[in-house]
Amino acid sequence: MSTLFAPAEPAVESQIFDRAETMSRDQLAAVQLDRLRDTMQRAVTLPFYQRAFSASGVTPADINTIEDIAKLPVTTKVDLRDGYPLDFLAVPRADIVRIHGSSGTTGKPTFVPYNRNDLDVWSDLCARFLVAGGLKSEHVCQIAFGYGMFTGAFGLHQGIERVGAAVIPVSSGNTPRQIMIMRDLNADVIICTPSYACTLAEGAVAEGIDPKTLPIQFGHFGGEPWTEDMRECLEVGLGIKAFNNYGLSEVMGPGVSGECAYRCGMHLQEDHFLVECVNPETLEPVAEGEPGELIITTLTKQAMPMIRYRTRDICTITREQCACGRTTMRMSRVVGRSDDMLIIKGVNVFPTQVEEALLKVEGTTPHYLIEVDRPGSMDVVSVKVEITPGNFSDELKAMQQLHDAIDRAIQQVTGLRMKVELVAPKTLERSGGKAVRVIDHRREKGLI
Ligand code: DLL
């Protein structure tokens, strides 16, 4: 078994929320096939899928096993954009009870409509991964995701309520207020992006509070890529157990997968999503344990069924059964999105690799910004790294040693030399949600 999926010591006492999580693989395949056929019937009511199916010569009658999914055409972000605002709506408008949007910051969002059933399923799926990660009805959960078009806050909110735990819907930002509320209401669970959890720890220190004395004991983090080193940093810094969960608005939002007590990969909720892991160039399936792009087909989504949505998220998968008893396939951490992957002098680098390198060096923080430019014919990558207050000094020699250690670590992990710039604590902009890790000036200049 790859170490990625080796069970760790159980971090919490967790329970099975739903019998569907422990079905045999055969039972699961039968459920998936049934639901896939149903999804196909919904999809063929949409002009986009009518065109796509007829172009690839398939009809719902051609789907006889779940492997037949590979016969179907893929759906991309561009297809969704072209279908703005609601071309993918497969139920009467009057049945819509909520519309969320993708997190794109530029241009028009991608709208994602839900009917009543979709919201119910979404709540259950978020409850499932939270319970797998130890959530109990006595917990008090502070949600520091932004409430808005983003699916993070609402999805987790519904899941927590379904478990019967308490929600404090603080929303994002205003770190001092987050800390005050957390302490005054004794919140023991924090829900946010991993990068914002770092900001919270830092905010506590700024107020003279030891972050480990905050009441939170568990963090359910997601919405952006992060590393094992970052988990350790958050667990030690905040004195918590940190869990990873994954999802994307186009297929639902959070709730696609999440970690159980053993934290050895995120359990994919396969009775609601048919997940493939493929080579992004050829779209051929990769072998288990090999990195590939996830392609997700919704199996129960009614308002907006998605057939073979290309997530661009790169990770590995395993079907080996987990020590927790769940039979579902697990995905590793997402190393990055294929569209965030930097190709520098022919070498592929994900921002998470830079994070991994930085966190190996004592005195650095998880606050960093990668900038890529092509001033002449060559690409130049620079990394601004924030140094911990205790390590930031005016003494040139000490700073040079730290600089060189970071330089070596980056080269070791990525195979590339990057221009390292040490910056003072709190120099880089903080985000209340997803952290911006890369600015690619080549894109602004139209060079890529
Ligand atoms: O980020 C949904 C979500 C919210 C998931 C909160 C978990 C918690 P979008 O805004 O549509 O939806 O962004 C989806 O974020 O394709 C991944 O690239 C990335 N992403 C989400 N969760 C993780 C994670 C939400 N745990 C995009 N690790 C996805 C790495 C993640 N990347």
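In what follows, every heavy atom counts, from backbone to side chain, and hydrogens, waters and symmetry copies are set aside. Both counts, for ligands and for their atoms, begin at 1 and track the order of listing.
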Asks: Okay, side chain of R308, backbone of I296: is any donor-acceptor separation there less than 3.5 Å?
Replies: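 Between the backbone of I296 and the side chain of R308 there is no qualifying donor-acceptor contact (under 3.5 Å).
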
Asks: Has the side chain of W122 got a donor or acceptor atom that lies under 3.5 Å from a matching backbone atom of L156?
Replies: no

Asks: N/O of N245 under 3.5 Å from N/O of ligand 1, yes or no?
Replies: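 Yes - when backbone and side-chain N and O of N245 are compared with those of ligand 1, one distance drops under 3.5 Å.
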
Asks: Could you check whether any side-chain N or O of E356 sits under 3.5 Å from a backbone N or O of D229, counting only pairs where one atom can act as donor and the other as acceptor?
Replies: no

Asks: Once salt bridge (Lys or Arg N to Asp or Glu O under 4.0 Å) is applied, what residue pairs with a partner in residues 243-257 remain, sequence neighbours excluded?
Replies: K77-E250

Asks: Test your reading of the structure: does T311 have an N or O sitting under 3.5 Å from an N or O of ligand 1?
Replies: no

Asks: Name all pairs fulfilling the salt bridge (Lys or Arg N to Asp or Glu O under 4.0 Å) condition that reach into residues 124-140, sequence neighbours left out, sorted by first residue then second.
Replies: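 Checked against salt bridge (Lys or Arg N to Asp or Glu O under 4.0 Å) - neighbours excluded - the pairs reaching residues 124-140 are D18-R128, D124-R162, R128-D271.
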
Asks: Looking only at the side chains, is there a donor atom on one of H100 and T151 sitting less than 3.5 Å from an acceptor on the other?
Replies: no

Asks: With atoms numbered from 1 as shown, which atoms in ligand 1 lie under 4.0 angstrom from a non-hydrogen atom of K434?
Replies: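 The list of qualifying atoms is 1 (O), 9 (P), 10 (O), 13 (O), 14 (C), 15 (O), 25 (C), 27 (C).
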
Asks: E224 to ligand 1: N or O pair under 3.5 Å?
Replies: yes

Asks: Pick one of side chain, backbone, both or neither for how S102 approaches ligand 1, counting any non-hydrogen atom pair under 4.0 Å.
Replies: neither

Asks: What atoms in ligand 1 come closer than 4.0 Å to a heavy atom of F145?
Replies: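 What qualifies from ligand 1 is 6 (C), 8 (C).
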
Asks: Compute the shortest N/O to N/O distance between F150 and ligand 1 and return yes if it is under 3.5 Å, no if not.
Replies: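 Checking ligand 1 against F150, no N or O pair falls under 3.5 Å apart.
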
Asks: Kindly say whether T298 contributes a backbone atom to a donor-acceptor pair with the side chain of T39 at under 3.5 angstrom?
Replies: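 Here the side-chain-to-backbone pair exists.
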
Asks: Which of the numbered atoms in ligand 1 are under 4.0 angstrom from any heavy atom belonging to G152?
Replies: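 Within the 4.0 Å cut-off of G152, ligand 1 contributes 4 (C), 6 (C).
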
Asks: Relative to the heavy atoms of S249, which atoms of ligand 1 are at a distance of less than 4.0 Å?
Replies: 9 (P), 11 (O), 12 (O)

Asks: Over all heavy atoms of both residues, which pair between R437 and M230 is shortest? Give the atoms and the distance, please.
Replies: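 Shortest heavy-atom separation between R437 and M230 comes out as NH2-CE, 4.0 Å.
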
Asks: Looking only at heavy atoms, what is the nearest atom pair of L200 and I190, with distance?
Replies: CD1-CD1, 3.8 Å

Asks: At less than 4.0 angstrom from any non-hydrogen atom of D313, what atoms of ligand 1 do you find?
Replies: 16 (O), 17 (C), 18 (O), 29 (C)

Asks: Are any of the heavy atoms in R333 under 4.0 Å away from ligand 1?
Replies: no

Asks: Using a 4.0 Å cutoff against the non-hydrogen atoms of T151, which atoms of ligand 1 qualify?
Replies: 2 (C), 12 (O)

Asks: Pick whichever of G247, S338, G222 has a heavy atom sitting closest to atom 21 (C) of ligand 1.
Replies: G247

